[in-house]
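Worksheet: one structure, shown below.
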Amino acid sequence: MMEKTYQPGQIESQWYAFWEEQGFFKPSQQGEPFSIMIPPPNVTGSLHMGHAFQDTIMDALTRYYRMQGRDTLWQVGTDHAGIATQMVVERKLAAEEDKTRHDLGREAFLNKVWEWKAESGGTITRQLRRMGASVDWSRERFTMDEGFYKAVQEVFVRLYDDKLIYRGKRLVNWDPKLHTAISDLEVISEDEKGKLWHFRYPLANGVKTADGKDYLVVATTRPETMLGDTAVAVNPEDDRYRDLVGKTVVLPVVNREIPIIADSYVDMEFGTGCVKITPAHDFNDYEVGKRNQLPMINIFTIDASIRDEGEVVNSDGTPNLDMQAAIPAGYPGLDRYEARKKIVADFEALGYLEEIKDHALKAPRGDRSGVVIEPYLTDQWFVAVKALAEPAIKAVEDGDIQFVPKQYENMYFAWMRDLQDWCISRQLWWGHRIPAWYNDQGNVYVARNEEEVRSKYSIDASVALHQDEDVLDTWFSSALWTFGTLGWPENTRELQTYHPTSVLVTGFDIIFFWVARMIMMTMHFIKDEDGKPQVPFKTVYVHGLVRDSQGAKMSKSKGNVLDPIDLIDGIELEPLVTKRTSGLMRPQDAQKIEKATRSEFAEGIASYGTDALRFTFCSLASTGRDIKFDVGRIEGYRNFCNKIWNAARYVLMNTEGQDCGQNNESYELGLAERWIISRLQETEQQVEKAVAAFRFDQASQAIYEFIWNEYCDWYLELSKPVLWDDAASAELKRGTRRTLVRVLETALRMAHPFMPYITEEIWQKVKELAGKSGPTIMQQPYPVADASRIDPEAAASIEWLKGVILAVRNIRGEMDISPAKAINVILAQGDDSDRARLQANQSFLMKLAKLESIRWLAADEEAPMAATQLVGAMQVLVPMAGLIDKEAELARLGKEIDKLLKEQQRLQGKLGNESFISKAPEAVVAKEKEKLADAEAALAQLREQVSRIESI
RNA sequence: AGGACCGUAGCUCAGUUGGUUAGAGCGCCACGUUGACAUCGUGGAGGUCACCAGUUCGAAUCUGGUCGGUCCUACCA
């Protein structure tokens with residue numbers, strides 16, 4: 001016997017373990033392959049709403065295609081997440097042992113990270129199981145497992161040998177806190193208020209400007225970088241300065257003579273039209289420097305404080321040993337911001353500070369450290385992306401890869417067509433160490449390991465080699481995800497079978513980080529037998545961000561994060577407050593967060609269960625837009641689960657231990673059965689169409705409406721008069737029981753990809769009654785619509801029935817007739833088909849509308865005093881025998897008449913329009929005419945009623 | 001600066017190729033525990049589809065513009 005109410009906790013605990021133990025998640029190795037790669041979450045992270053959303057969609061797809069008989073692989077794994085993980089462990093180390101990673105040394109520190117991974121690495125996979133994710137755990141991978149080491153080395157070495165990876169001294173984004181280079185993508189620019197300082201640079205050798213001044217004025221937002229200036233640039237078209245090009249200025253404070261150059265980069269309209277050029281500390285200046293062969297002077301240490309002496313580098317990146325770049329006394333060792341103050345003060349003292357203006361600027365900050373990023377000259381490894389990008393662009397242009405929704409393709413193209421070389425080296429310890437070795441002269445050798453280096457480059461064992469200290473950008477290894485997980489560089493059966501993968505499900509925020517790079521890497525390394533590059537996936541389904549109910553991004557610092565597990569299990573208010581207010585970056589926010597939490601979740605969060613959460617995500621997944629997560633929504637779907645639960649209880653009560661035609665006994669299907677079966681086929685068609693279009697909202701809505709509004713609201717009610725009628729035939733009763741249980745069983749299969757637990761739980765109870773067998777619903781065939789069972793006649797008949805019932809209920813409601821009171825109904829003005837339908841549906845009508853009697857108005861009979869409703873042209877009369885509230889009924893009729901009058905007017909206007917008649921398609925005109933006729937007929941009837949009532 | 005997306009009921013959102021009386025869920029109001037379900041049932045109220053102009057016989061839907069919001073990309077020192 002089933003519990004009276006749906007309790008997700010009880011039913012969700014067992015099934016997952018059963019599925020996993022039985023190996024149901026593994027590919028069947030039969031049928032057409034279908035494969036999805038999970039975007040690997042951070043191995044030490046925990047599940048957030050974005051994951052939960054994404055995993056729901058992937059699991060729905062996986063279960064759907066698995067049930068359709070496809071050979072389905074959902075590949076699971078985790079990412080080592082270089083910077084993020086290293087930072088966590090460093091913070092732990094600082095908090096617990098007051099040590100830095102340098103105190104431990106590389107090897108000991110890495111051991112700590114591996115320990116941390118072992119300790120916390122199970123969290124996210126445990127949570128993934130809670131979500132019901134049907135991933136193949138036997139194939140779980142990690143981006144730093146042995147196979148990935150192999151794949152990463154292979155890719156690096158081959159790209160290097162193909163000249164697609166190179167090393168060089170370049171200006172890169174440097175994080176002065178983390179002491180590593182980062183890629184362009186890891187730099188977030190933020191609006192900040194700053195200043196624009198205007199400095200005078202005196203002209204050397206007595207030269208004067210056209211207007212007689214002996215100095216130029218340059219403006220800068222970064223005064224301290226002037227220590228590294230190597231030129232002043234003006235626009236070549238600028239008449240004001242044309243004669244000064246080739247002359248020099250003397251850099252104040254440092255007293256270095258630097259040239260005035262002409263470069264079209266300079267905007268004549270902005271500021272004074274003179275720009276200080278600091279090639280080593282500004283990306284634009286770097287380009288100017290390269291064009292004009294300016295030396296570059298690095299003035300910063302890795303902390304972005306001032307060096308003892310500038311490091312001079314030629315514009316091609318080679319060391320410049322000829323030029324000295326002394327740094328004035330008082331500056332070395334100063335932090336960049338202290339240096340800025342001192343420079344400004346020194347300029348002021350020298351009388352060279354022209355003015356200071358407020359200036360809105362975009363500060364580049366590291367996405368992990370939050371500090372201002374410094375353009376910095378260092379030796380780094382790069383991927384030359386141009387050659388890789390071309391086929392990757394073409395694949396999307398040609399439709400080999402399709403984005404859903406399509407608009408993301410533009411975003412992809414825009415980025416790919418303006419791609420800069422990718423800086424892949426990171427000065428971290430946690431990650432894939434770069435497979436490059438150096439001898440004492442600094443010559444570089446790239447191979448899979450030291451042994452191979454020696455043989456490849458014929459280096460004697462006596463020559464000392466040391467490996468590059470740097471590791472690779474995390475995204476370098478994740479770019480290999482689709483093929484690395486399938487055993488590449490070996491040409492495995494899995495690689496042949498499941499690659500290219502079917503669909504990638506991901507957020508738009510990592511299209512550049514991950515999706516684009518996967519496409520480039522995959523197409524370069526994975527080829528068909530005929531040599532054609534393989535794409536990593538055929539479709540990219542891009543979903544939106546999960547936001548809070550107000551539309552704000554969920555973040556720890558705002559204290560508005562919802563934990564999917566809390567929505568599943570529920571959480572009391574106090575622990576929720578504690579959870580949201582602990583470990584804040586800014587503890588002063590705690591009070592505000594606590595207040596907001598207490599008001600939004602006064603009762604804590606109820607336990608809604610995984611199925612309700614998943615169904616909520618599906619219903620919100622419309623067109624790749626961001627979704628605002630409202631707890632009211634999940635409550636509604638928890639109620640839906642309860643509805644299914646209770647429908648199943650009803651079905652079991654009426655079928656268990658009884659004959660439901662399991663053994664092909666003869667049975668009869670009545671109108672109601674034909675109707676619900678017909679509606680089921682239509683729903684199956686809708687769901688199929690929706691899933692094919694990745695419209696999970698439409699799929700879930702179709703299922704919801706079918707189960708609640710058709711099956712529960714109507715069919716279960718329609719089954720009662722039959723099952724409880726002693727006079728009904730055994731065949732009809734059997735047909736009803738059979739339909740009850742089979743439609744339920746089919747609906748469960750239809751819903752299973754979206755709500756796996758409750759469907760499995762109930763399916764196990766009804767499968768035999770429905771004539772099915774098997775260990776799990778997971779392996780049952782997905783319902784396929786049978787168009788021949790779509791039954792327009794049954795549908796019309798039941799729609800008629802519903803119309804009459806609704807009319808009676810409406811009268812009851814409006815006339816305030818107790819639902820408990822059985823009433824008499826008279827039908828009038830009907831045609832033959834109405835008469836046939838009453839005949840067919842009379843017993844339903846009696847029971848569902850709670851009638852005392854129903855009959856047709858006789859031909860010569862005058863209609864009694866009654867409340868009236870129309871069903872098509874037919875009148876439904878509820879005689880009120882003196883009890884009628886005259887005013888109420890007149891008001892009710894008046895409302896109806898007003899509505900019809902408006903409709904009539906609209907239609908008459910339309911049909912009176914010559915050009916509508918002549919230009920609109922005939923079918924449309926005919927339809928409008930029919931509508932007008934219906935409206936006018938109804939109007940006439942209602943008016944007749946009004947005059948009758950008024951005449952009392 | 002360029003681009004994308006969005007603006008529909010109190011809230012969250014659907015609305016296919018232009019032809020609906022513009023829908024759903026939640027919330028709201030009224031009534032109701034009849035033998036699946038009060039995590040329920042029945043009925044009801046609630047919309048100038050942001051605004052303006054255009055195309056069209058016909059616009060929530062197509063075009064242009066205005067206003068408001070979100071986001072991305074690139075930035076001028």
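Keep in mind that what you see is a predicted model, and the values were worked out from it rather than measured.
Side-chain contact annotation: E936(A) with Q904(A), donor-acceptor N/O pair under 3.5 Å present. S183(A) and E186(A) share a side-chain donor-acceptor pair at under 3.5 Å.
Within the 4.0 angstrom heavy-atom criterion, no nucleotide atom of any strand lies near L652(A). R812(A) comes within 4.0 angstrom of no nucleic acid atom, judged by non-hydrogen atoms across all strands. Contacts of K850(A) with the nucleic acid, taken as non-hydrogen atoms under 4.0 Å apart, are absent. Counting non-hydrogen atoms under 4.0 angstrom, V218(A) reaches nothing in the nucleic acid. Using a 4.0 Å heavy-atom cutoff across all strands shown, W197(A) reaches no nucleic acid atom at all. The residue E717(A) sits close to a base: some heavy atom pair falls under 4.0 Å. Note on C712(A): a base of the nucleic acid sits closer than 4.0 angstrom, heavy atoms only. Looking at heavy-atom distances under 4.0 Å, A647(A) makes contact with a base. K902(A) comes within 4.0 angstrom of nothing in the nucleic acid, heavy atoms only.
Between H359(A) and A77(B), a side-chain N or O to OP1/OP2 separation shorter than 4.0 Å is present. In terms of phosphate contacts, N646(A) brings no side-chain nitrogen or oxygen within less than 4.0 Å of OP1 or OP2 of C40(B). Note on W708(A): a side-chain N or O is less than 4.0 Å away from OP1 or OP2 of G41(B). OP1 or OP2 of G58(B) has not a single side-chain nitrogen or oxygen of N913(A) nearer than 4.0 Å. Side-chain N/O atoms of K553(A) include none lying less than 4.0 angstrom from OP1 or OP2 on C71(B).
The aromatic rings of Y704(A) and F640(A) sit tilted relative to each other, their planes meeting at an angle between 30° and 60°. The aromatic rings of F694(A) and F696(A) sit perpendicular, their planes meeting at an angle over 60°, well past the 30° parallel limit. The aromatic rings of F615(A) and F754(A) sit perpendicular to each other, their planes meeting at more than 60°, with 30° as the lower class boundary. Between F270(A) and H359(A), the ring planes lie perpendicular to each other; the angle is over 60°, past the 30° to 60° tilted range.
On a pure distance criterion of 3.5 Å, a polar donor-acceptor pair joins the side chain of R638(A) and the base of U39(B).
Between A360(A) and V651(A), the one whose closest nucleotide on RNA chain B sits nearer the 5' end is V651(A). Each of K847(A) and F640(A) was matched to the nucleotide of RNA chain B holding its nearest heavy atom; the match closer to the 5' end belongs to K847(A).
Rounded to whole Å, the separation between the P atoms of G19(B) and A1(B) comes to 38 Å. Comparing G27(B) with G10(B), their C1' atoms are spaced 7 Å from each other, to the whole Å. Atom name P, nucleotides C52(B) and U8(B): the rounded distance is 16 Å, in whole Å. When the P atom is compared between U33(B) and U42(B), the two are found 15 Å apart, to the nearest whole Å. For A59(B) and G15(B), the C1' atoms lie 14 Å apart once the distance is rounded to whole Å. The P atoms of C6(B) and A53(B) are separated by 24 Å, rounded to the nearest whole Å. Distance check on atom C1': A9(B) versus G46(B) gives 6 Å, rounded to whole Å. Comparing G18(B) with G54(B), their C1' atoms sit 15 Å apart, to the nearest whole Å.
A donor-acceptor pair under 3.5 Å links the side-chain atoms of D285(A) to the main chain of T278(A), judged by distance alone. Side chain of S607(A) to main chain of I568(A): a donor-acceptor pair is present (N/O by atom type, distance under 3.5 Å, no hydrogens or angles).
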**Report entry** D267(A) and N235(A): CA distance, side-chain angles, deciding distance, side chain to side chain donor-acceptor pair (under 3.5 Å) verdict
**Finding:** CA-CA 7 Å; D267(A) 179 356; N235(A) 191 292; over 6 Å; no
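The K362(A) side chain lies nearest to C75(B) when the options are C37(B), C57(B), C75(B). Comparing U20(B), C71(B), A77(B) by their closest approach to the side chain of R547(A) singles out C71(B). Taking every side-chain heavy atom of K276(A) into account, A77(B) is the closest of A77(B), U20(B), A36(B). Among G32(B), G43(B), G19(B), the nucleotide with an atom closest to any side-chain atom of R809(A) is G43(B).
Rounded to an integer number of Å, the gap from CZ of F615(A) to C1' of U39(B) is 16 Å. Atom CG of N642(A) is separated from atom P of C37(B) by 10 Å (rounded to the nearest Å). Following rounding to the nearest Å, Y650(A) (OH) and G35(B) (P) show an atom-to-atom distance of 13 Å. In this structure, CZ of R649(A) is placed 13 Å from C1' of U39(B), rounded to the nearest angstrom. Counting to the nearest Å, the C1' atom of U34(B) and the CG atom of D713(A) are 16 Å from each other. Rounding to whole angstrom units, CD of residue Q869(A) and P of G44(B) are separated by 9 Å. Atom P of nucleotide G18(B) and atom NZ of K927(A) are separated by 15 Å, given to the nearest angstrom. As rounded to whole Å, 14 Å separates atom C1' of C37(B) from atom CD1 of I707(A).
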Report task. Mark up nucleotides 4-17 of chain B, 5' to 3', with B wherever a protein heavy atom is under 4.0 angstrom from a base atom, S wherever such an atom reaches only the sugar-phosphate, and - elsewhere. Result -> -S------BSSSB-
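Remark: of the listed residues L769(A), N654(A), L652(A), L769(A) is the sole one forming a side-chain contact (heavy atoms from CB on, under 4.5 Å) with V741(A).
One finds a salt bridge joining D263(A) and R291(A) here, because a Lys/Arg side-chain nitrogen approaches an Asp/Glu carboxylate oxygen to under 4.0 Å.
Residues L361(A) and K195(A) are not in side-chain contact: their nearest non-hydrogen atoms beyond the backbone lie 4.5 Å or more apart. T616(A) is not listed as a side-chain neighbour of Y608(A), based on a closest heavy-atom distance of 4.5 Å or more. A 4.5 Å side-chain heavy-atom check between E710(A) and E705(A) finds every atom pair outside the cut-off.
Within residues 220-229 of chain A, the residues approached by RNA chain B to less than 4.0 Å at the level of any non-hydrogen atom are T220(A), T221(A), in residue-number order.
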Query raised in the report: Under a cut-off of 3.5 Å for both distances of each Watson-Crick or G-U pair, what dot-bracket string does RNA chain B give, using [ ] for crossing pairs and | for inter-strand pairs?
Result: (((((((..((((.....[...)))).(((((.......))))).....(((((..]....))))))))))))....
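For the residue pair L716(A) and Y650(A), the shortest heavy atom distance occurs at O-OH, 3.5 Å.
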